[in-house]
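Report on the following structure.
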Amino acid sequence: MRKYWLIKSEPSELSIDDMVTLPNQTIEWFGIRNYQARNFMLNEMQEGDLALFWHSSCKEPGIYGIVSVVGQAHPDSHQFDVKSKYFDAKAKPDKPIWWCVDFKYIEKTKFISIKELRLYPELAKLQVLKKGNRLSISRISENEWVFIQKLLKNSV
DNA sequence: GCCAACGTTGGC
DNA sequence: GCCAACGTTGGC
C-alpha cells in the first residue's frame, strides 16, 4: 500500500524549481544523517510513494510541491566521498551506514504556509508542525494527505 | 540573529 | 549505561 511522506529541503540547497531542472527530474536524496529519517528511506519507502516537498530554513516555510519515490533504497554515495561534507569515515562500501532513495518531481503545487497549516485541527498531529521538530522526513497519514490535497485544490 | 528543542558524543 | 556538554536545526 502506498505511503505518504513529507520531506524538507532548504530552498537555497534544493528548491522545487531546482527539481524541475534535474536530469529525469530526479535526485538522490543524499546527506540525511539522522537514523530515524534514514530508516524511513531504508525500511519503509517504496516505489510510487508520494511526498510533500517542504521548504525549510527560509522566509516562507511550507508546502511547495509533490514528489514521488523512485526505485529502492541504496547507499548514499556521499558517505564515501572524502571531499563531501557528508563524508563518513566509519562507512565502508561493503558496509554502508547511510541509505537513501531517489525522488522524482511530480508537480509544483499551490504554496501552503506553515502558518496556514496550523489553522486546521485535521492537521494538528503533523510532525512538521510540532514544536522543536527537526526531523527532515516524516510520515503523513492518508487522512492528512487527502485533506491537504483538498487544500491544494481550494475545496476545503 | 535569537534561542528552544533535539540528537549525538564522550567521559566516567 | 548514564548524562552533561555540545552542535545543529529551523521557526520566528
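These numbers come from the heavy atoms of this one structure, side chains and all, not from hydrogens, waters or symmetry mates. Bear in mind the structure is a predicted one, so any value in this text is a computation, not a measurement. Chain naming here is simple, since letters A, B, ... match the order of the sequence lines and numbering starts at 1 in each.
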If you count heavy atoms of other groups shown closer than 6.0 angstrom to NZ of A:Lys3, is the number above 12?
yes
query = Hey, is the main chain of A:Leu135 close enough, under 3.5 Å, to the side chain of A:Lys8 for a donor-acceptor pair?
reply = yes
Item to check | Side-chain donor-acceptor pair present, A:His74, A:Asp102, cut-off under 3.5 Å | outcome: yes
Quick note, salt bridge (Lys or Arg N to Asp or Glu O under 4.0 Å) partners involving residues 30-41 of chain A, not counting sequence neighbours, are A:Arg33-A:Asp76
Please tabulate, for side-chain N and O atoms in residues 89-97 of chain A, each donor-acceptor pair with protein atoms closer than 3.5 Å (sequence neighbours left out).
{"residue": "A:Lys92", "atom": "NZ", "partner": "A:Ala89", "partner atom": "O", "Å": "3.0"}

Contacted region of DNA chain C by chain A, from 5' end to 3' end of the hits, cut-off under 4.0 Å to heavy atoms, spans C:dG7 to C:dC12
